**Q** 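First the structure, then my questions, so here it is.
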Number of protein chains: 2
Amino acid sequence: MAESLPGASRNTKQRGEILGLLRQTDDFRTAQQLYADLRSQGSGVGLTTVYRALQTLVDAGEADTMRLPSGEQLFRLCGQGRHHHHLVCRQCGRTVEIDGPAVESWTDRIAREHGFTDVSHTLEIFGTCSACAAKPE
Amino acid sequence: MAESLPGASRNTKQRGEILGLLRQTDDFRTAQQLYADLRSQGSGVGLTTVYRALQTLVDAGEADTMRLPSGEQLFRLCGQGRHHHHLVCRQCGRTVEIDGPAVESWTDRIAREHGFTDVSHTLEIFGTCSACAAKPE
DNA sequence: ATGGGTGCAAATAATTTGCAGGTAA
DNA sequence: TTACCTGCAAATTATTTGCACCCAT
């Protein structure tokens, strides 16, 4: 009969630390930032491990990933499994998950009208959150 | 009194070649692809120059730029100066400029409702165009 | 025991920058 | 002239991969 799931991931100390850090905030962060945070709190986790753990989470649907206009990849734990978008503060990275059913159907319709199939899209909103707008600098 | 515009760009042979290539298609392409094309058609333009010319065009509002989900930066000449989005074929890169006034106001409203200011957004649609869908492989 | 997980160093890849020499205006 | 432009090489940055060793199961 069937053997145990081939893709099952292990509970290592490193992944625990990475997950713990990710759970501390809802904000999007780069692998490099997470790595730096881990280091500064005394963890010996390697950068490679951070990248691999994040990719594993994304593949498992447990983390969201997106790119800044500058191209850097961002990660955060998933608030919900389904498709959604993000409103991200440019200053502090504060993130709000956004649902846009109207946008979903609009993009699909537009694409179909142009003869495109197998449609997907990316939509991210950037701005300055109220907390950051209140700060002097 | 005021001296001539400091940012005026010159008509060099290299920029002419790059522009000529860009004008041959409406599709989005990477700097590396453009560079390779120039080389294969015998041009001696350097990769650095391609990058700098493209950035200059973007800064001048004469070129659009966007990123694939994979992070690679794409460029193409601007069909219009104003803000707009793109419907891009994953297979051949065929691009259609899309206008979405409703999306613009929606993103602004959502952002404001969450206390965000200085709002911007990115929205790109990907799919398979009819020509590519018709191909056997 | 064993197959996935880890870390370091090296490899990729896409851009960018330092510089010395070239050139449009 | 002279400020901007070029190209090559070197430097940056982000991310991935090779590998030998380690550990959760």
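In what follows, every heavy atom counts, from backbone to side chain, and hydrogens, waters and symmetry copies are set aside. The chains referred to below are lettered A, B, ... by the order of the sequence lines, with proteins before strands, and numbering in each begins at 1. Please read all numbers here as calculations on a predicted model, not as lab measurements.
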**Q** Does either side chain, that of B/His84 or that of B/Asp64, offer a donor lying less than 3.5 Å from an acceptor on the other one?
**A**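 Checked: B/His84/B/Asp64 side chains pair up, N/O donor to acceptor below 3.5 Å.
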**Q** Are side-chain N/O atoms of A/Tyr51 and A/Gln73 paired as donor and acceptor at under 3.5 Å?
**A**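 A/Gln73 and A/Tyr51 do not have a side-chain donor-acceptor pair below 3.5 Å.
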**Q** Flag the pair B/Arg76 and B/Glu97 as a salt bridge only when some basic side-chain nitrogen lies within less than 4.0 angstrom of an acidic carboxylate oxygen.
**A** yes
**Q** Please report, rounded to the nearest Å, how far the P atom of C/dG5 is from the CG atom of A/Leu19.
**A**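 Spelled out: CG on A/Leu19 to P on C/dG5 is 13 Å.
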**Q** Nearest whole Å is fine: how far is C/dT6 P from A/Leu54 CG?
**A** 11 Å
**Q** What is the distance, rounded to the nearest whole Å, between atom OH of A/Tyr35 and atom C1' of D/dT16?
**A** 15 Å
**Q** Rounding to an integer number of Å, can you tell me how far A/Leu68 CG sits from D/dT13 P?
**A** 16 Å
**Q** For B/Gln33 and C/dA13, give me the distance from atom CD to atom C1', rounded to whole Å.
**A** 14 Å
**Q** Should A/Asp26 and A/Arg94 count as an ion pair when the cut-off is N to O under 4.0 Å?
**A**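 Answer for the salt bridge query: no.
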**Q** Under a 4.0 Å N-O cut-off, is there an ion pair linking B/Glu104 with B/Arg82?
**A** no
**Q** Give me the distances for all protein-to-nucleotides 14-20 of chain C N/O pairs that come in under 3.5 Å?
**A**
residue, atom, partner, partner atom, Å
C/dT15, OP1, B/Gln73, N, 3.4
C/dT15, OP2, B/Tyr51, OH, 3.3
C/dT15, O5', B/Tyr51, OH, 3.3
C/dT17, O4, B/Thr48, OG1, 3.3

**Q** Would A/His86 and A/Phe28 count as a ring-ring contact (aromatic ring centres under 6.0 Å, His included) if you check the C-alpha gap in whole Å, the side-chain angles of each, and the deciding distance to 0.1 Å?
**A** CA-CA 10 Å; A/His86 305 100; A/Phe28 268 105; 4.6 Å; yes
**Q** Let me check something: do A/Leu74 and A/Leu22 share a hydrophobic cluster, defined by ILVMFWY side-chain heavy atoms less than 4.5 Å apart, either directly or through other members?
**A** no
**Q** Nearest whole Å is fine: how far is C/dA24 P from B/Gln14 CD?
**A** 9 Å
**Q** Taking salt bridge (Lys or Arg N to Asp or Glu O under 4.0 Å) as the definition, give me every residue that meets it alongside A/Asp27, ordered by chain and number, with sequence neighbours left out.
**A**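 None.
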**Q** Would you kindly give the CG-to-P distance between B/Asp59 and D/dC4, to the nearest whole Å?
**A** 15 Å
**Q** Using atom names, set out every protein N or O paired with an N or O of nucleotides 20-25 of chain D below 3.5 Å, distance rounded to 0.1 Å.
**A**
residue, atom, partner, partner atom, Å
D/dC23, O2, A/Arg10, NH1, 3.4

